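What follows is a short report on a single structure.
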Amino acid sequence: MDIVYYHLPGLFEFYELYRVFLPLYREHREYFYDWCEIGSIYGASADCIWGGGRVGFGDADPREVLSLMQEYGISARLTFSNSLLRKEHLSDRKCNALCALFEENGSVQNGVIIHSDLLLDYLKINYPGFYFVSSTTKVLTDFGQFLDEVNREDFRYVVPDFRFNRVFNQLNMLSGLQKDKVEFLCNECCHIGCRDRKRCYENVSRKSLGEPCADHRCMAPDGNQGYRFSKAMESPAFIGIKDIVEIYRPMGYSNFKIEGRGLGSALILEFLLYYMTRPEYHLHVREQIYLDSMLDLF
C-alpha cells in the first residue's frame, strides 16, 4: 500500500493540541485511515526574525516541543521562510539557538522550510544536520521555474504554488524521483486569481523583522472574511481526501501539506478529523480532545 504523508501546522503554535492528539493517534490507530502517516509538524516560535509565511505566535518551550516530536518519531520542521533576510540577520541568537537544538535529531531527521538562498547557504554550513524544504512563499507561478526548484539538490521537498495543484497533464510527466519531492498545499483559502500573494508574504517578512509597515490589505473577493475551511473546500485548487486517494496517490504523489499556523486549535482539529480520521470515529476523537481540561481550543 502506498502511504500518504501529511505535514501538519503548528509545531510551537499548537503544541498543547498535539500533546493530546499524538497519544490518541498512537493508542487508537484504528480511528485513523491506515493509508496515512504524519510526515512532519512545522512551525516557528514567537519572535523569530527568520520566520515567514505567517507571523509566529508559538510560545511553547522548544525543548518540550522537541521532546514530544522525538517521543513520537515525528520530523520537526522550523519554518524560516522569511523572504527579506539580509546578512546581518544571520547572527540572530534566538534563531541560531533553535537550529542548534533541533539539529540534534533523534530517530528521525528534522528540517527547515526556507525561502532565502542566503539563509540556505548559512544553514548548510553551520547546521548540516537538517534537510531543507523549498517554501511555497516563493510563489513560483511558472511551471518551468517550479521544475527547476524540484531539480535542485538542496531540497528534499518543494511546496509548489497552490495553483499548480490541478495541472495534471504536467504533473503526470514528472519522474518518480521528482514526484517524491513535491509536497502539495491542500487547503489554501487564498483566491485562485490572487496577484498579491507574494506581496502578502513580504509583508509578513517585514513584520517578523520588526520593520514598521501597514497590514497587507487583501483585495480578493471576500478577502476580509479570514480563513474558512468551507471556503477553501470550494476552491478549484482544493485537495480533499478523495482526490488524494483516487488521483494523487495513483499518480505517484505522497506528500501533502496542511496549512493553518495562524488559525485556532479548534480548526486544526477539524483538519485532523477531515484528513486523517475515519468518519465513524470523528466523535470519539472530538470527545477525547475536548475532555482534556488542560486544552483551550478556542
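Count residues from 1 along the sequence. Predicted, not measured: the structure shown is a model, and the values here were computed from it.
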Problem - Partner set under side-chain contact (heavy atoms from CB on, under 4.5 Å) for K179, not counting sequence neighbours - result: N172, L174, M251, Y253

Problem - Side-chain donor/acceptor of W50 to backbone N/O of H89, under 3.5 Å - result: yes

Handout entry: Donor-acceptor contact present, side-chain N126 to main-chain Y122, <3.5 Å
Key = yes

Handout entry: Step-by-step side chain to side chain contact (heavy atoms under 4.5 Å, CB included) determination, M276 to L8
Key = CA-CA 11 Å; M276 299 182 65; L8 304 176; 4.2 Å; yes

Practice task
Say whether Y25 and V108 are linked into one hydrophobic cluster, either directly or through other cluster members, by side-chain heavy-atom distances under 4.5 angstrom.
Solution key: no

Completion exercise
Hits for salt bridge (Lys or Arg N to Asp or Glu O under 4.0 Å) against E153, two or more places apart or cross-chain, chain-then-number order -> none

Practice task
Report yes or no: does K94 contribute a side-chain atom to a donor-acceptor pair with the main-chain N or O of A46 at less than 3.5 Å?
Solution key: yes

Exercise for the section: Check the pair E16 / S265 against side chain to side chain contact (heavy atoms under 4.5 Å, CB included), numbers first and verdict last. Expected result: CA-CA 9 Å; E16 293 296 336; S265 53; over 6 Å; no

Handout entry: Within the 6.0 Å centroid threshold, strictly below: F21 and F32
Key = yes

Exercise for the section: For residues 21-33, pull every pair meeting salt bridge (charged side-chain N to carboxylate O under 4.0 Å, His left out), keeping only residues two or more places apart or in separate chains. Expected result: R29-E37

Problem - Crowding at CG, D142 (>12 non-hydrogen neighbours, <6.0 Å) - result: yes

Exercise for the section: Start with the C-alpha distance between V133 and V159, add both sets of side-chain angles, then the distance that settles side chain to side chain contact (heavy atoms under 4.5 Å, CB included), and finish with yes or no. Expected result: CA-CA 7 Å; V133 182; V159 184; 4.0 Å; yes

Practice task
Check for a donor-acceptor pair, side chain of H115 on one end and backbone N or O of S134 on the other, with a separation under 3.5 Å.
Solution key: no

Practice task
With sequence neighbours excluded, give me every salt bridge (charged side-chain N to carboxylate O under 4.0 Å, His left out) pair touching residues 116-136.
Solution key: D117-R152, K124-D154

Problem - Any side-chain heavy-atom pair of F80 and I113 under 4.5 Å - result: no

Problem - ILVMFWY network linking Y290 to L22, side-chain heavy atoms under 4.5 angstrom - result: yes

Problem - By side-chain contact (heavy atoms from CB on, under 4.5 Å) - contacts of E103 (at least two apart) - result: Y127, P128, F130

Fill in the blank from the handout: When every non-hydrogen atom of V158 is compared with those of P160, the smallest separation belongs to O-CD, 3.3 Å

Problem - Pairwise side-chain contact, V65 with F102, heavy-atom cut-off 4.5 Å (strictly under) - result: yes

Exercise for the section: Give a yes or no on whether the backbone of S175 and the side-chain of Q178 come within a donor-acceptor separation of less than 3.5 Å. Expected result: yes

Exercise for the section: Please answer whether the main-chain N or O of C186 pairs with a side-chain N or O of K257 as donor and acceptor at a distance below 3.5 Å. Expected result: no

Handout entry: Electrostatic pair E13:R261 at N-O distance under 4.0 angstrom
Key = yes

Fill in the blank from the handout: All heavy atoms of G260 vs all of Y42, minimum pair found to be N-OH, 4.0 Å

Handout entry: From L272 atom CG to H282 atom NE2, the distance as rounded to the nearest 0.5 Å
Key = 10.0 Å

Problem - Note, S83 side chain near T137 side chain (heavy atom, < 4.5 Å) - result: no

Exercise for the section: Report yes if the side chains of I38 and I41 come closer than 4.5 Å at any heavy-atom pair, otherwise no. Expected result: yes

Exercise for the section: List the steps and the verdict of side chain to side chain contact (heavy atoms under 4.5 Å, CB included) for L66 and N110. Expected result: CA-CA 10 Å; L66 179 60; N110 295 326; 3.8 Å; yes

Exercise for the section: Keeping the roles fixed (side chain from T79, backbone from A44), state whether a donor-acceptor pair exists under 3.5 Å. Expected result: no

Problem - Flag, side chain of N151 to backbone of D148, donor-acceptor distance under 3.5 Å - result: no

Handout entry: Verify same cluster id: L140, F132 (apolar side-chain graph, 4.5 Å)
Key = no

Handout entry: side-chain contact (heavy atoms from CB on, under 4.5 Å) partners of D61, counting only residues at least two apart
Key = R63, E64

Handout entry: Main-chain N/O of L118 paired with S116 side-chain donor or acceptor, under 3.5 Å
Key = yes

Fill in the blank from the handout: One should read off an interatomic distance between L78 CG and L11 CG, to the nearest 0.5 angstrom, of 7.0 Å

Exercise for the section: Verify the cluster assignment for L263 and Y275: are they in a single hydrophobic cluster under the rule of side-chain heavy atoms below 4.5 Å apart? Expected result: yes

Exercise for the section: With rounding to the nearest 0.5 Å, note down the distance linking OH in Y6 to OG in S254. Expected result: 11.5 Å

Practice task
Determine the interplanar angle of the F164 and F143 rings, folded into 0 to 90°, and report it as parallel if under 30°, tilted if 30 to 60°, perpendicular if over 60°.
Solution key: perpendicular

Practice task
Only counting residues at least two apart or in another chain, list the ones meeting side-chain hydrogen bond (donor to acceptor under 3.5 Å, both in side chains) with R156.
Solution key: Q109

Handout entry: Close side-chain approach of I268 and I258, heavy atoms under 4.5 Å
Key = no

Handout entry: Close aromatic pair by centroid cut-off 6.0 Å: Y274 and F271
Key = no

Handout entry: Which atom of D34 lies closest to which atom of R278, heavy atoms considered
Key = N-NH2, 3.6 Å

Handout entry: With sequence neighbours excluded, residues passing side-chain hydrogen bond (donor to acceptor under 3.5 Å, both in side chains) with N255
Key = H7

Exercise for the section: Measure across G73 and S107 and return the closest heavy-atom pair with its distance rounded to 0.1 Å. Expected result: CA-OG, 3.9 Å

Problem - Side-chain heavy atoms of Y5 within contact of C36, under 4.5 Å - result: no

Exercise for the section: Under the side-chain hydrogen bond (donor to acceptor under 3.5 Å, both in side chains) rule, collect the residues that match up with Y131, sequence neighbours excluded. Expected result: S75, R77

Exercise for the section: Can you measure from CG (L269) to OG1 (T277) and round to the nearest 0.5 angstrom? Expected result: 8.0 Å

Exercise for the section: Mind jotting down which residue pairs meet the ring-ring contact (aromatic ring centres under 6.0 Å, His included) criterion with at least one end in residues 233-252? Sequence neighbours excluded, please. Expected result: F168-Y248, F184-Y248, Y248-F256

Practice task
Kindly indicate whether the side chain of L119, heavy atoms from C-beta on, has any atom under 4.5 Å from the side chain of L90.
Solution key: yes

Practice task
Identify, with sequence neighbours excluded, every residue that meets side-chain contact (heavy atoms from CB on, under 4.5 Å) alongside T141.
Solution key: V139, D161, R163

Practice task
Could you check if a side-chain atom of W35 sits within less than 4.5 angstrom of a side-chain atom of I244, using non-hydrogen atoms only?
Solution key: yes

Problem - Distance, nearest 0.5 Å, that separates CG of L273 from OH of Y31 - result: 12.5 Å

Practice task
Measure across A60 and Y15 and return the closest heavy-atom pair with its distance rounded to 0.1 Å.
Solution key: CB-CB, 3.6 Å

Problem - side-chain hydrogen bond (donor to acceptor under 3.5 Å, both in side chains) partners for E270, two or more places apart - result: R286

Handout entry: Donor-acceptor under 3.5 Å (N82 side chain, I49 main chain)
Key = yes

Problem - From CG (D59) to OG (S45), nearest 0.5 Å - result: 8.0 Å

